[in-house]
Amino acid sequence: MPGPSQHPRRVLTTPTVAMLPRIADSLSFLYLENVRVVQDDTGVCAQVQKDDGSDSRVSLPVAALSCVLMGTGTSITNPAMATLARHGTTVVWSGAGGVRMYSASQPSNLTTEWLERQVRCWADETTRFDVASRMYEMRFGMTVPQGTTMHSLRGLEGQRMKALYQSLAQRHRMRGFKRNYNPQHWDHQNPVNQALSAANTALYGVVHTAVLAMGCSPALGFIHSGKQHSFVYDLADLYKAKHTIPLAFSLHHSNQPDRDARIRLRAEFRLYKLMPQIVHDIQRLLTPDAEIETEQPEEVDLVHLWDPDLGAMEAGVNYATDAEW
């Protein structure tokens, strides 16, 4: 509760500059809320107005940032945006706590390393199934049986999720619970279904942000397909059993289950440091046997030419056999 000298509106709009823990020197996230991002003589700053009308600024470590999340009440100037682009920082416009992903700006020099790994895994049926199997193993801690097909894998996943719903329904004494999502009759759904839909939507926003920060494609899913967010849905399924489903059932008596779910998740995502975990899991899925580099190469803005036989080749070179012209 705010103190006697604090106005409730002022408490709700307290500026926030939160550095999420990094998993590598070259991959870190910064969340901003209720600040104006500007460029000054020293670099990019988060600016807030104090009670006396003067400005207070906090310098942002742009060179060390992979992604900046612009939460509620934020704005950014054109020069500041240009500086972030030059440093290869992805900018995401999100909801409060990062639980919505409205839009994003990816710099031209963002590495395509993880996108290329994703495409290679996705384009081959064998490696695509391997990634889908690793997702199953990460979710349930069980190895996929030998000879399992994609169809039977979906069946195994469905059985385990059904068992989870039944277990939580029994724990909360909810007989005959069925998962149902109908946006046309939102108010007629029970509180658990409302909370679960709202919580999953919030989870999709966090996952989408991590996918874009790595330069991966949200459309190239390994289990889901046909939607621009297929890979987002794949990854979000890894965390529902821990973060969104138990939370939704705990709100079965709530009068505002969708609102309560979003508020609880904003705190939970910070508590569990989910954003770095998502990045780490993407790396494990796409390169299970490789050691992940923890340092960014010194030359981060190099452009290479691709050759099917020679691999990456130096750009800015004339490869014509007759270079007299």
Side-chain angles (χ1 to χ4, degrees), residues 95 97-100 131-208 221-224 227 229-275 277-278 281 284-285:
V99 297
R100 287 288 191 278
V131 173
S133 298
R134 286 195 287 273
M135 289 181 175
Y136 179 89
E137 294 170 2
M138 290 173 65
R139 290 177 68 182
F140 304 117
M142 298 178 61
T143 303
V144 175
Q146 193 74 20
T148 302
T149 64
M150 195 67 195
H151 177 74
S152 58
L153 184 64
R154 284 193 292 267
L156 291 172
E157 185 270 345
Q159 292 173 8
R160 294 191 64 87
M161 293 306 296
K162 182 178 180 180
L164 175 62
Y165 283 127
Q166 290 176 344
S167 173
L168 288 170
Q170 291 176 0
R171 183 185 306 174
H172 293 278
R173 299 179 181 179
M174 299 178 61
R175 292 185 177 181
F177 172 81
K178 291 184 179 180
R179 173 66 177 130
N180 179 45
Y181 172 67
N182 190 339
Q184 276 71 40
H185 299 89
W186 177 263
D187 294 333
H188 299 289
Q189 299 177 83
N190 62 50
V192 173
N193 275 307
Q194 289 185 5
L196 191 54
S197 298
N200 286 341
T201 300
L203 178 61
Y204 296 149
V206 175
V207 173
H208 198 169
F222 295 87
I223 298 176
H224 296 83
K227 298 291 185 181
H229 293 171
S230 294
F231 192 40
V232 174
Y233 300 148
D234 282 355
L235 294 169
D237 283 347
L238 301 177
Y239 315 107
K240 289 179 180 179
K242 179 178 180 180
H243 292 282
T244 62
I245 299 176
L247 170 62
F249 275 92
S250 72
L251 296 173
H252 64 286
H253 288 315
S254 173
N255 294 323
Q256 294 181 299
D258 51 343
R259 175 181 178 273
D260 292 342
R262 288 192 295 269
I263 293 175
R264 292 269 296 274
L265 278 179
R266 284 200 292 267
E268 186 173 331
F269 287 161
R270 288 194 295 268
L271 177 64
Y272 288 103
K273 304 178 179 65
L274 187 57
M275 190 82 71
Q277 181 63 47
I278 296 170
D281 288 341
R284 288 173 55 199
L285 288 168

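Sequential numbering from 1 along the given sequence is applied to the chain's residues.
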Given side chains that start at C-beta, do those of [X] and [Y] come closer than 4.5 Å, heavy atoms only?
X      : Y      : answer
Lys162 : Arg179 : no
Met150 : Ile223 : yes
His224 : Asp237 : yes
Tyr136 : Thr143 : no
Asp260 : Ser254 : yes
Met161 : Ile245 : yes
Tyr239 : Arg139 : no
Leu196 : Tyr165 : yes

- Neighbour count above 12 (heavy atom, 6.0 Å) for Arg259 CZ: no
For the side chain of [X] and the backbone of [Y], is there at least one donor-acceptor N/O pair under 3.5 Å apart?
X      : Y      : value
Arg134 : Leu285 : yes
Ser197 : Gln194 : no
Ser167 : Leu164 : no
Asp258 : Ala195 : no

Closest approach of [X] and [Y], non-hydrogen atoms and distance?
X      : Y      : value
Leu265 : His243 : CD2-O, 3.7 Å
Arg264 : Ser250 : NH2-OG, 3.7 Å
Asn193 : Asn190 : N-OD1, 2.8 Å
Tyr233 : Lys227 : CE1-CB, 4.3 Å
Glu137 : Met142 : CG-O, 3.0 Å
Val232 : Tyr204 : CG1-O, 3.6 Å

Looking at [atom1] of [X] and [atom2] of [Y], how far apart are the two atoms once the value is rounded to the nearest 0.5 Å?
X      : Y      : atom1 : atom2 : value
His208 : Leu235 : NE2   : CG    : 11.0 Å
Ser152 : Glu157 : OG    : CD    : 12.5 Å
Thr244 : Asn200 : OG1   : CG    : 4.0 Å
Met174 : Gln166 : CE    : CD    : 13.0 Å
Arg262 : Leu247 : CZ    : CG    : 12.0 Å

- Task: Could you label the plane-to-plane angle of the Phe222 and Phe231 rings as parallel, tilted or perpendicular, counting under 30° as parallel and over 60° as perpendicular?
- Result: perpendicular
- Query: Under 30°, 30 to 60°, or over 60°: which ring-plane class applies to Phe249 and His172, parallel, tilted or perpendicular?
  - Reply: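 The arrangement is parallel - the two ring planes meet at less than 30°.
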- Task: Evaluate the side chain to side chain contact (heavy atoms under 4.5 Å, CB included) criterion for residues Phe177 and His252: first the C-alpha distance (whole Å), next the side-chain angles of each, then the deciding distance (0.1 Å), finally the verdict.
- Result: CA-CA 11 Å; Phe177 172 81; His252 64 286; over 6 Å; no
- Results of salt bridge (charged side-chain N to carboxylate O under 4.0 Å, His left out) for Asp281 - residues two or more places apart only: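 With neighbours one apart ignored, the set is Arg284.
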- List the steps, then state whether side chain to side chain contact (heavy atoms under 4.5 Å, CB included) holds for Val192 with Leu251. CA-CA 6 Å; Val192 173; Leu251 296 173; over 6 Å; no
